[in-house]
Amino acid sequence: MAKTTLSFKRRVTLHFCFFLFALILVTSENSSTVLIPGQFLRDSQNQTLVSPDKTFELGFFTPGTAGGSSNNRYLGIWYHNAPAKEVVWVANRNASLSDTSGALSLSPTGILVLLNNQNKTIWTSNNGNPSQAATPNPTLQLLDSGNLVVIDGNRVGILWQSFDHPSNTLLPGMKIRSNFATGKQTFLTSWKTDQDPDEGRFSMSIDPRGYPQLILKNGEENRYRLGSWNGKYFTGTPLLPENNIFEYEFVMNKTDVYYTYNVKSALLSRLVLNQTGFLQRYARSQGRSEWTSLYGAPMDQCDLYGNCGAHMTCNMEENSPPTCDCLDEFELIDPENQSKGCARKVPLNCENEYFWNYTRVKLPDTSTSSWFSEIRSLGECQEVCLRNCSCMAYADADITKADGGCLMWFGELVDMRQYDSGGQELFVRLSAAVPKSPATLNSGGKNLVAIVASSVGLAGLAGTVLVLVLWHRRQRSLGMRGASIFRRDGGNEEGGEDSEMELHIFDRATMVKATDNFSTENKLGQGGYGPVYKGTLADGQEIAVKTLSKSSGQGTTEFKNEVVLIAKLQHRNLVKLLGCCIEGDEKMLIYEFMPNKSLDFFIFDKTKSKSLDWNMRIAIVNGIARGLLYLHQDSRLRIIHRDLKASNVLLDKDMNPKISDFGMARIFGGDQIEANTSKVVGTYGYMSPEYAIDGLFSMKSDVFSFGVLLLEIISGKRNRGFSHQDHNLNLLGHAWRLWIEGKPIELVEEEIVDDELSTTTQVLRCIQVGLLCVQQRPDDRPSMSSVVVMLTSETLLPQPKQPGFFTERNLPDSESSTSDNKHNSASVNEVTISLLDAR
Ligand SMILES: *[C@@H]1O[C@H](CO)[C@@H](O)[C@H](O)[C@H]1NC(C)=O
Ligand SMILES: *[C@@H]1O[C@H](CO)[C@@H](O)[C@H](O)[C@H]1NC(C)=O
Ligand SMILES: *[C@@H]1O[C@H](CO)[C@@H](O)[C@H](O)[C@H]1NC(C)=O
Ligand SMILES: *[C@@H]1O[C@H](CO)[C@@H](O)[C@H](O)[C@H]1NC(C)=O
Ligand SMILES: *[C@@H]1O[C@H](CO)[C@@H](O)[C@H](O)[C@H]1NC(C)=O
Ligand SMILES: *[C@@H]1O[C@H](CO)[C@@H](O)[C@H](O)[C@H]1NC(C)=O
Ligand SMILES: *[C@@H]1O[C@H](CO)[C@@H](O)[C@H](O)[C@H]1NC(C)=O
Ligand SMILES: *[C@@H]1O[C@H](CO)[C@@H](O)[C@H](O)[C@H]1NC(C)=O
Ligand SMILES: *[C@@H]1O[C@H](CO)[C@@H](O)[C@H](O)[C@H]1NC(C)=O
């Protein structure tokens, strides 16, 4: 509420200022917000035009680092109040001023004119067009978006805007466009050098031939094809799907096509095509000075256009050069010369042919011999393609809609690559003589680790880091870098909707110092992704630094997943992320340090478990339940943790439990209740049967893990590795057996039993809740909200049914399982297994 009022007030003030400035152009700071005919913006007087919210500034500058070798002056737009002049637009790109005599003025007809000391026109906004008709009182304004606009006096329209003439930077709201009819294009061009903003070799535009594609060119040659838009992302940028920060738009109608993006937050962002031909996305929060580079493309050699021949996919493996492989059922045309590409092993004869499903690919170039059909379903599309003997392949044109039309190719399929995750399905025509076999088994990918496309957890690094920067915007101590300046505003302890959290981006040097150069003494343990270190910041705050080993590609996805997730989550029973550190391909997560390590360290240790009495245990159980409930229901997102276990519950100095390790977590859509994955991750002993066997995960699979954990806390025994002289059951089976034999109290660890009747009732209640949580059928298990109620009230509980996985035999492939190793890590996730679904 308070925020809304504030921004309203500010707007009123700005409006007022607008009129004030219109009257008195030159202020004490020599900057104003508007320019009207008859006024000049003079370099010699250091005059500038500043946007109303003071984000952008228009003025004269010399490119390059301060004191650069040239004296050339240019008129341009940069971020106001930023130490480094990040120029986002340049007017006179190819016609510099040689001194500071430049003056910008607005003609009465609304044309911008840049004059030098001889009153010679250096640059003009009408590009030599015949002079425009006079308009009443035009004004020049720099908008908060960074758009420099000439508005006619009646404010009926924009006469000219810098957004129609991009330089090397795409700002939010700016469009890259192509007109099919006139061929007119709006596109980015790189600077020549960092001293010369003139048009360089590289450009990024929409290629309107065939089905429109976004393309980065080096001169006339294609350098990197971002490719066709599939409703969610460009086929060549699968790592940048939806996220909560950027909103991408690709709009196409009969005459026009454009691409733009917006930022759904108060973040500043820019996409720059740099001098060496790379697209780089940067972001920073308003109060901060340094930019974070989020994304650079082309990312690797496989991104380079046509790196492999026709009918080949380019494959990138960790730490090895890219390889070019023929599509399945294709072979090299000339084994001596790969770049000639591949051809079908069995040539087509147009009889009874069929389509092979290639998955996770970047769709081929659509600029030549491709065709877009509005035919509704993919099935119909297949029929159409099958009937036309020259149709070689088809694919879904819009993966977000069932009836979004499809793409067809009539010639060679070029510039494809294979992704480990993401990517699209391409259906390629093959002869009937080629035996049909499930494409999934040999679809060119060497790696079956497919990640469900529906998972939002895949949000690209861009989104990820943005979240960080976003949360960081209330950063107050501007000058301090690397120190701990993490603070939460407001005392709303439960977190949730209202509280905002600040996340710090630490630099590597600070981490090196804090951890004593990652010394072995400071090593807390080894996580699935890399080691975890204890550290101490300059101000004495203790931290846990979780590093991500460079070589683990899988870890990268999980790292992103984790940062995105945790940055949004705040609850006293969730471990608090203080910040992260991303430098090059080194990534680290910085957590609050948990002096009491993890729960497994206590409950499974003969001596330590004595210090955990029943009251402490029930407090821990309740805390975990509340943390999990928050994940499932109360946070803005619906999150399935997927790897809840004793070692992922950390304990603070007061023994409050904090759930940690969101590397495996998945976000669910608002009303989604179940999802399926081909890659089962988790830890044996805690995984529900439907998840471990069928890959189905839901909140109920987390409830199962919670039930296991609850029984472990009560018994002090691990579910896996549990043994008993009387039977071969695991802990669940043992608990169930005691329950049906009417002696559940025997499950309880001796240390914690006392003679209080109230304790005994409570313990029995907990066992019953635990057994309810681990029931075989997900539908029988209570939700976490019921669990919280059951644990804290006296309501009558239902009778549990048989648990799932109560014998060891039920476990798929016991060999590859990992038992919890006793480490002394504070925030380590121990080995978490991944098992591929055999289907
Ligand atoms: C503003 O311009 C005046 C001349 O018009 C100049 O004397 C003064 O130094 C300028 N102030 C700044 C801060 O540049
Ligand atoms: C403009 O700014 C420069 C550098 O900040 C300064 O040296 C110069 O005196 C200023 N000129 C005027 C007219 O204020
Ligand atoms: C500068 O570029 C404009 C438009 O691209 C062109 O019309 C003009 O001739 C160029 N001027 C010079 C000096 O190259
Ligand atoms: C430029 O034009 C202004 C008025 O438009 C005039 O005062 C000035 O003397 C002219 N300068 C030159 C070098 O012609
Ligand atoms: C196509 O879109 C452009 C801009 O989005 C719009 O100006 C134009 O009128 C549209 N044309 C048609 C035929 O809808
Ligand atoms: C352009 O971006 C690439 C990739 O991010 C980077 O490696 C390169 O140094 C940049 N070039 C310049 C001149 O900034
Ligand atoms: C390989 O094939 C490509 C394309 O057909 C051709 O340009 C190139 O010269 C060939 N290279 C060799 C070594 O034969
Ligand atoms: C197949 O499709 C192509 C491209 O649309 C078209 O030119 C050709 O006439 C079609 N052939 C048949 C037999 O329909
Ligand atoms: C193509 O294969 C993928 C992976 O096996 C599968 O998910 C998808 O449903 C298949 N597509 C069609 C249309 O059969």
Over-ring placement of Lys85 relative to Phe61, 6.0 Å and 45° cut-offs: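 Judged by the rule, Lys85 and Phe61 form no cation-pi pair.
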
Among Asp198, Val87, Leu273, the one residue meeting side-chain contact (heavy atoms from CB on, under 4.5 Å) with Trp191: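 Going through the options one by one, the only one that passes is Val87.
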
Among Leu112, Val90, Leu58, the one residue meeting side-chain contact (heavy atoms from CB on, under 4.5 Å) with Leu75: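 Option passing the side-chain contact (heavy atoms from CB on, under 4.5 Å) with Leu75: Leu58.
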
Asn92, Thr100, Thr62, Asn116 screened by side-chain hydrogen bond (donor to acceptor under 3.5 Å, both in side chains) with Arg73, the one that passes: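 Looking at Asn92, Thr100, Thr62, Asn116, the match for Arg73 under the side-chain hydrogen bond (donor to acceptor under 3.5 Å, both in side chains) is Thr62.
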
Donor + acceptor pair across side chains of Asn253, Thr255 (<3.5 Å):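 Their side chains do contain a donor-acceptor pair, which is all the 3.5 Å distance test asks for.
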
Pair Ser190, Gln275: side-chain N/O donor-acceptor within cut-off below 3.5 Å: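 The answer is no; no qualifying pair exists.
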
Phe234 ring center near Tyr248 ring center (under 6.0 Å):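 Judged by ring-centre distance (under 6.0 Å), Phe234 and Tyr248 do not meet the cut-off.
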
Phe278: ring-ring contact (aromatic ring centres under 6.0 Å, His included) partners, not counting sequence neighbours: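 For Phe278, no residue satisfies ring-ring contact (aromatic ring centres under 6.0 Å, His included) once neighbours in sequence are set aside.
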
ring-ring contact (aromatic ring centres under 6.0 Å, His included) against Phe56, all qualifying residues, sequence neighbours excluded: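 Phe56 satisfies ring-ring contact (aromatic ring centres under 6.0 Å, His included) with Tyr79 once adjacent residues are dropped.
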
Beyond-backbone contact of Leu114 with Phe60, side-chain heavy atoms, under 4.5 angstrom: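 Yes - at least one pair of side-chain heavy atoms lies under 4.5 Å apart.
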
Spatial distance of atom CZ (Arg93) from atom NZ (Lys192) [nearest 0.5 Å]: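 Atom-to-atom, Arg93:CZ and Lys192:NZ are 9.5 Å apart.
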
Residue pair Lys175 / Thr186: nearest heavy atoms and the distance that separates them: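 Smallest interatomic distance, heavy atoms only, reads O-CG2, 3.5 Å.
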
